[in-house]
Amino acid sequence: MDTSVQAQWLGHSAFKLVSPKGTNILVDPFLSGNPSTPDEYKQQDNVDYILLTHGHEDHVGDTLDIAEKTGCKVVSMVELSRLLVNKHGLEEEQAIEFNKGGTVAFDDFSVTMVDANHSSSFQGDYAGEPGGLVISFYDDITFYHLGDTNIFYELELYGELYEPDVVAVPMGDYYTMGPGEAAMACDLLQADYAVPIHYGTFPPLTGDPKDFKKYTEKSTDTEVWIPEAGENFLG
């Protein structure tokens with residue numbers, strides 16, 4: 001793929017993205033407590049933005065510690081943002097809240113929140129609805145992180161609207177889609193490439209990424225990449 005964006009899967013649903021201008025972005029940074037994250041990546045010291053799909057602890061992860069250490073901005077659903085500020089110590093000036101259908105624009109990328117079919121809470125408190133994040137790098141690729149979800153027909157519309165180049169698709173089963181359903185989601189999205197996420201971290205997450213790759217590539221034109229945790233698959 002012809003891109004200047006760097007992308008690294010950090011295990012579970014966590015990614016580090018680096019924009020063409022060098023902006024450092026973490027998505028769902030569940031790292032220090034993540035058994036699949038390599039030790040050398042559990043601490044992140046150079047972060048400009050954290051993007052959150054929803055409030056579950058295996059997605060918010062180390063957000064508060066990283067935000068305190070780096071001063072980065074934290075971009076999330078309205079209710080989750082208020083929780084992090086009002087009850088958990090995130091500084092107000094670091095919090096950027098938005099909602100589904102909305103786009104927030106930064107120097108060299110933008111983020112649009114779309115729907116996801118799941119739930120959301122943080123440490124027992126309601127954290128608004130879950131979402132997916134469409135991350136568009138200006139004059140470069142669009143990366144769509146589906147968050148935690150099952151299949152729903154609006155994915156076809158999101159594929160048409162945002163034309164994602166790479167999609168991060170949960171397929172571990174139990175809490176999200178399994179491999180077969182995730183492959184059908186890729187058929188709706190029609191992205192060029194897909195990366196499986198949210199599998200293998202805990203015993204209930206039994207979905208096999210090799211099955212996801214087989215089903216997806218049999219029924220769609222989407223190529224599936226299966227990176228190792230800590231591996232750069234772009235850039």
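Every heavy atom of this structure was used, including side-chain atoms; hydrogens, water molecules and symmetry mates were not. Here the structure is a predicted model, which means the values were calculated and not measured.
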### Task
Could you tell me whether the side chains of Thr149 and Asn117 share a donor-acceptor contact shorter than 3.5 Å?
no
### Query
Does a donor on one side chain sit under 3.5 Å from an acceptor on the other, for Asp48 and Thr23?
no
Counting only pairs under 3.5 Å, give me each side-chain donor-acceptor contact of residues 193-201, with atom names and distances, residues two or more places apart or in other chains.
unit_1	atom_1	unit_2	atom_2	d
His198	NE2	His12	NE2	3.4
His198	NE2	Asp58	OD2	3.4
His198	NE2	Asp148	OD1	3.4
His198	NE2	Asp148	OD2	3.2
Thr201	OG1	His12	ND1	2.6
Thr201	OG1	Tyr199	O	3.4

#### Entry: Verify same cluster id: Val111, Tyr158 (apolar side-chain graph, 4.5 Å)
yes
### Query
Is the number of heavy atoms from other residues, nucleotides or ligands within 6.0 Å of CD (Gln43) greater than 12?
no
### Message
Quick one: does any side-chain atom of Asp62 pair with a main-chain N or O of Ser32 as donor and acceptor, under 3.5 Å?
### Response
yes
### Message
Under 4.5 Å between side-chain heavy atoms, counting indirect links through other Ile/Leu/Val/Met/Phe/Trp/Tyr residues: same cluster for Val18 and Phe106 or not?
### Response
no
### Query
Rounded to the nearest 0.5 Å, how far apart are CG of Asp108 and OG of Ser19?
3.5 Å
#### Entry: From Leu146 atom CG to Thr176 atom OG1, the distance as rounded to the nearest 0.5 Å
10.0 Å
### Query
Among pairs that include at least one residue of residues 109-120, which meet salt bridge (charged side-chain N to carboxylate O under 4.0 Å, His left out), considering only residues two or more places apart or in two chains?
Lys100-Asp115
### Query
Is the count of non-hydrogen atoms from other residues, nucleotides or ligands lying under 6.0 Å from Tyr126 atom OH greater than 12?
yes
### Query
At what distance, to the nearest 0.5 angstrom, does CD1 of Ile66 lie from CG of Asp45?
9.0 Å
#### Entry: Lys87 atom NZ: more than 12 heavy-atom contacts under 6.0 Å
no
### Query
Is Lys73 reaching over with its side chain to a backbone N or O of Glu93, donor-acceptor style, under 3.5 angstrom?
yes
### Query
Same hydrophobic cluster for Tyr138 and Leu133, using side-chain heavy-atom links shorter than 4.5 Å among ILVMFWY?
no
#### Entry: pair Ile135-Thr142: side-chain heavy atoms closer than 4.5 Å
no
### Query
Using 30° and 60° as the class limits, which term best fits the ring planes of Phe233 and Trp225: parallel, tilted or perpendicular?
tilted
### Message
Ignoring hydrogens, what is the shortest heavy-atom contact between Ser110 and Ala105? Give both atom names and the distance.
### Response
CB-CA, 4.0 Å
### Message
Keeping Gln190 on the side-chain end and Gly159 on the backbone end, is there a donor-acceptor pair under 3.5 Å?
### Response
no
### Query
Would you say Val74 and Leu90 make side-chain contact, with heavy atoms under 4.5 Å?
yes
### Message
Taking the basic N atoms (NZ, or NE/NH1/NH2) and the acidic carboxylate oxygens, is any pair closer than 4.0 Å for Asp107 and Lys21?
### Response
no
### Task
Classify the ring geometry between His54 and His56 as parallel (under 30°), tilted (30 to 60°) or perpendicular (over 60°).
perpendicular
### Task
With sequence neighbours excluded, tell me which residues meet side-chain contact (heavy atoms from CB on, under 4.5 Å) with Asp173.
none
### Message
I'd like to know if the side chain of Gln94 and the backbone of Ala67 have a donor-acceptor N/O pair within less than 3.5 Å.
### Response
yes
### Query
Would a distance-only check, ignoring hydrogens and angles, find a side-chain to backbone donor-acceptor pair under 3.5 Å from Gln6 to Gly235?
no
### Message
Counting C-beta onward and ignoring hydrogens, is there a side-chain heavy-atom pair between Met77 and Phe98 closer than 4.5 Å?
### Response
no
### Task
Find out whether Leu26 and Gln44 are in side-chain contact, i.e. whether some heavy atom of one side chain is under 4.5 Å from a heavy atom of the other.
yes
### Message
Quick check: do Met1 and Ile141 have side-chain heavy atoms less than 4.5 Å from each other?
### Response
yes
### Query
Quick one: do the Asp28 and Thr53 side chains pair a donor with an acceptor below 3.5 Å?
yes
### Query
Just wondering, do Glu217 and Thr222 contact through their side chains at under 4.5 Å, heavy atoms?
no
### Message
Do Leu189 and Glu156 have side chains that approach each other closer than 4.5 Å (heavy atoms only, starting at C-beta)?
### Response
no
### Summary
Separation between OG (Ser36) and CH2 (Trp9), nearest 0.5 Å, reads 5.5 Å
### Query
Closest heavy-atom contact between Ala116 and Gly132?
CB-N, 4.0 Å
### Query
Is there a path of hydrophobic side-chain contacts, each under 4.5 Å between heavy atoms of I, L, V, M, F, W or Y residues, that connects Leu188 with Val224?
yes
### Nearest heavy-atom neighbours spanning Pro20 and Phe137
CD-CD2, 4.1 Å
### Query
Near Glu231 CD, under 6.0 Å, is it more than 12 heavy atoms from other residues, nucleotides or ligands?
yes
#### Entry: Nearest-0.5 Å distance that lies between atom CD1 in Ile25 and atom OH in Tyr49
8.5 Å
#### Entry: NZ/NE/NH1/NH2 to OD/OE distance under 4.0 Å, Arg82 and Glu92
yes
#### Entry: Short side-chain to backbone donor-acceptor contact, Ser76 and Leu52, under 3.5 Å
no
### Message
For Glu228, is the CD atom crowded, meaning more than 12 foreign heavy atoms sit under 6.0 Å from it?
### Response
no
### Task
Please identify each residue that fulfils ring-ring contact (aromatic ring centres under 6.0 Å, His included) with Tyr175, with sequence neighbours left out.
none
### Task
State, with a plain yes or no, whether a side-chain heavy atom of Met184 is found less than 4.5 Å away from one of Met177.
no
### Query
Hey, quick one: are Phe30 and Leu80 part of the same hydrophobic cluster, counting side-chain heavy atoms closer than 4.5 Å, chains of contacts allowed?
no
### Task
Could you tell me how the ring of Phe15 sits relative to the ring of Phe143: parallel (under 30°), tilted (30 to 60°) or perpendicular (over 60°)?
perpendicular
## Note on the structure
Sequence neighbours excluded, the answer for side-chain contact (heavy atoms from CB on, under 4.5 Å) partners of Asp221 is none
## Note on the structure
dist Asp187:CG -> Thr216:OG1 (nearest 0.5 Å) comes out at 9.0 Å
#### Entry: By side-chain contact (heavy atoms from CB on, under 4.5 Å) - contacts of Asp211 (at least two apart)
Pro179, Asp208, Lys214, Tyr215
